[in-house]
Participant: 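What follows is a single structure, and I will ask about it in a moment.
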Protein chains: 2
Amino acid sequence: MPPTTPDISPDGPPLTLAGLQIDVLEGAFSWYIRSLDFAVSNDLDRRMAHLDMAKGKGKITAVLLVDRYPGVRPSQIAEVLLRDRPATGRIIDALVTSGDLRRETDRGDLRAQSLFVTPKGQALANSVRRIIQEQEREFFDFIAPQDRAQFMRMLKRAYLNMRKKLE
Amino acid sequence: MPPTTPDISPDGPPLTLAGLQIDVLEGAFSWYIRSLDFAVSNDLDRRMAHLDMAKGKGKITAVLLVDRYPGVRPSQIAEVLLRDRPATGRIIDALVTSGDLRRETDRGDLRAQSLFVTPKGQALANSVRRIIQEQEREFFDFIAPQDRAQFMRMLKRAYLNMRKKLE
DNA sequence: CGTGTTTGGTTGTGTTTTGCAACTTTCAGG
DNA sequence: CCTGAAAGTTGCAAAACACAACCAAACACG
């Protein structure tokens with residue numbers, strides 16, 4: 001395409017893929033976020049391939065949540081994951097089957113369940129955390145420490161804005 | 001914030017969902033990005049629900065790309081989308097069927113195709129752009145102009161880092 | 001030329017994901 | 001008790017996606 005196109009974006013050289021200049025096209029954060037998610041997820045899947053925990057978008061968060069909050073209930077996890085209960089239930093099923101989580105009936109509420117990690121799940125959670133940290137280090141290290149906080153803050157705030165709207 | 005809990009993150013009050021404090025849990029950008037993507041995509045789907053273009057993750061980008069670069073080839077789109085050719089081909093199929101895109105045989109290379117938007121597709125592209133801009137405005141407006149550039153730069157760079165690794 | 005390799009696209013298939021609806025059990029309030 | 005709401009489960013049907021196999025055109029090059 002003709003290089004006559006002025007570089008509108010004030011953020012470095014225009015991003016070119018397959019000979020197409022992407023930047024201006026979408027002009028939007030959303031495109032970067034969606035693409036970045038795609039890349040992040042794929043990369044995570046690769047790194048976790050050796051763990052038995054089959055490709056799990058939700059599974060990762062679920063294990064970490066249960067590990068950190070022993071006794072959580074599936075419905076709470078569902079809310080964090082932004083999924084419905086059936087979907088969450090199946091995620092948990094898989095984790096129970098693989099021997100990483102354990103279900104108990106919540107005492108005090110026979111309808112609900114309390115979730116706990118097994119020793120195996122505990123180990124898994126640790127692996128996962130380590131892998132995530134490696135990924136962070138590898139791909140986000142270019143962000144200066146003081147900028148990291150701001151970056152995180154922006155992500156968080158946007159996320160909260162969205163959640164509010166979705167409810 | 002509760003005085004008992006030291007606020008590790010220098011980025012505002014801890015994020016609590018369903019009574020669980022999420023922040024420290026994942027501690028990572030990746031979690032925010034993945035969640036944010038989920039929210040962004042859902043929100044986009046909603047906003048686009050009235051357009052015939054059935055829920056399309058790839059479709060959105062495809063239409064915009066073709067609109068901006070008349071004559072692009074499916075393989076180029078595939079590369080941008082980070083999908084394989086079959087997947088991309090089907091996306092294009094759908095858009096052709098719905099009358100938004102038009103295929104032509106590339107002159108000069110009989111194997112390849114050149115894609116163009118139809119008038120309908122043109123209108124669709126405009127709608128999509130408008131919707132995306134609204135979404136941006138609604139959810140990312142809190143970012144000060146001078147910070148936007150930096151935010152974008154970080155997203156972009158992380159994205160590029162990832163892509164390099166995926167290839 | 002002609003032959004082997006690469007590139008662009010299509011078709012077919014099987015798996016995974018996921019959202020919705022319906023159903024069971026339990027709780028909470030009056 | 002009775003009713004309505006909440007927690008999970010099951011069933012189902014649709015969508016997305018990755019992989020492999022396949023055809024046709026282009027290119028490289030001896």
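Lettering follows sequence order; numbering is per chain, from 1. The figures that follow rest on heavy atoms only: side chains count, while hydrogens, waters and symmetry mates do not.
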Participant: Can you see if the side chain of Ser75(A) gets near the phosphate of dA6(D) - specifically, an N or O under 4.0 Å from OP1 or OP2?
Facilitator: no
Participant: Which value, rounded to the nearest 0.5 Å, describes the distance between Leu155(B) atom CG and Phe29(B) atom CZ?
Facilitator: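 Atom-to-atom, Leu155(B):CG and Phe29(B):CZ are 10.5 Å apart.
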Participant: Under 4.0 Å between a side-chain N or O of Gln76(A) and OP1 or OP2 of dA7(D)?
Facilitator: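 So the side chain of Gln76(A) is outside the cut-off, no N or O lying under 4.0 Å from OP1 or OP2 of dA7(D).
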Participant: Which letter, B, S or -, goes with each nucleotide of nucleotides 23-30 of chain C from 5' to 3', with contact meaning a protein heavy atom under 4.0 Å?
Facilitator: --BBS---
Participant: For the residue pair Phe140(B) and Phe151(B), categorise the inter-ring angle as parallel (less than 30°), tilted (30 to 60°) or perpendicular (more than 60°).
Facilitator: tilted
Participant: Distance check needed: dC17(D) P versus Ile91(B) CD1, whole Å only.
Facilitator: 7 Å
Participant: So, the side chain of Gln122(A) versus the backbone of Val117(A): is there a donor-acceptor pair under 3.5 Å, distance only?
Facilitator: no
Participant: Could you state the CG-P distance from Leu81(B) to dG9(C), rounded to the nearest angstrom?
Facilitator: 13 Å
Participant: What residues, two or more places apart in sequence or in another chain, satisfy side-chain hydrogen bond (donor to acceptor under 3.5 Å, both in side chains) together with Asn126(B)?
Facilitator: none
Participant: Assign Ala87(A) to base, sugar-phosphate, or nothing according to its heavy-atom contacts below 4.0 angstrom with the strands shown.
Facilitator: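 The residue Ala87(A) makes no contact with any strand.
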Participant: So which of residues 92-105 of chain A are in contact with DNA chain C, with a heavy-atom cut-off of under 4.0 Å?
Facilitator: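 Under 4.0 Å from DNA chain C: no residue of residues 92-105 of chain A.
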Participant: Over its full length, what angle do the end axes of the helix from dC1(C)-dG30(D) to dG30(C)-dC1(D) make, each axis taken from five pairs and the result rounded to 10 degrees?
Facilitator: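 Roughly 30° between the end axes, to the nearest 10°.
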Participant: If the threshold is 4.0 Å, N to carboxylate O, is there a salt bridge linking Glu138(A) and Arg47(A)?
Facilitator: yes
Participant: For Gly99(A), does its backbone N or O pair with a side-chain atom of Thr118(A) as donor and acceptor, under 3.5 Å?
Facilitator: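 Checked: pair present.
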Participant: Taking CZ from Arg83(A) and P from dC20(C), how many angstroms apart are they, rounded to a whole number?
Facilitator: 13 Å
Participant: Can you identify which nucleotide, out of dG19(C), dG8(C), dA7(D), has its nearest atom closest to the Asp84(A) side chain?
Facilitator: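 Per side-chain heavy atoms of Asp84(A), the pick is dG19(C).
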Participant: Sub-3.5 Å donor-acceptor pair from the side chain of Gln135(B) to the main-chain atoms of Val40(B), do we have one?
Facilitator: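 Flag set: sc Gln135(B) to bb Val40(B) pair under 3.5 Å.
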Participant: Side chain of Arg85(B), heavy atoms from C-beta onward: which of dC19(D), dG8(C), dG19(C) has the nearest atom to it?
Facilitator: dG8(C)
Participant: What's the separation between atom CD1 in Ile132(A) and atom CG in Leu44(A), rounded to the nearest 0.5 Å?
Facilitator: 6.0 Å
Participant: Report the distance from atom CZ of Arg73(B) to atom P of dG8(C), rounded to the nearest whole Å.
Facilitator: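 Nearest whole value for this atom pair: 6 Å.
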Participant: Nearest whole Å is fine: how far is dG8(C) P from Ile77(B) CD1?
Facilitator: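 So the two atoms are 13 Å apart, to the nearest Å.
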Participant: With a 4.0 Å cut-off on heavy atoms, is Arg90(A) in touch with a base, just the backbone sugar-phosphate, or nothing at all?
Facilitator: base
Participant: Quick one: list whatever passes side-chain hydrogen bond (donor to acceptor under 3.5 Å, both in side chains) with Asp147(B), sequence neighbours left out.
Facilitator: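 Gln150(A).
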Participant: Measuring from Leu95(A):CG to Lys120(A):NZ, what's the distance to the nearest 0.5 Å?
Facilitator: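 Leu95(A) CG to Lys120(A) NZ: 9.5 Å, rounded to 0.5 Å.
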Participant: Using the ring pair (Phe, Tyr, Trp, His ring centres under 6.0 Å) rule, pick out the option among Phe139(B), Trp31(B), Phe38(B) that qualifies with Tyr159(A).
Facilitator: Trp31(B)
Participant: What is the distance, to the nearest angstrom, from the CG atom on Asp45(A) to the C1' atom on dC19(D)?
Facilitator: 16 Å
Participant: Just jot down the salt bridge (charged side-chain N to carboxylate O under 4.0 Å, His left out) partners of Arg34(A), sequence neighbours excluded, or say none.
Facilitator: none
Participant: From the set dC19(D), dG8(C), dT9(D), return the single nucleotide nearest to any side-chain atom of Pro86(B).
Facilitator: dC19(D)
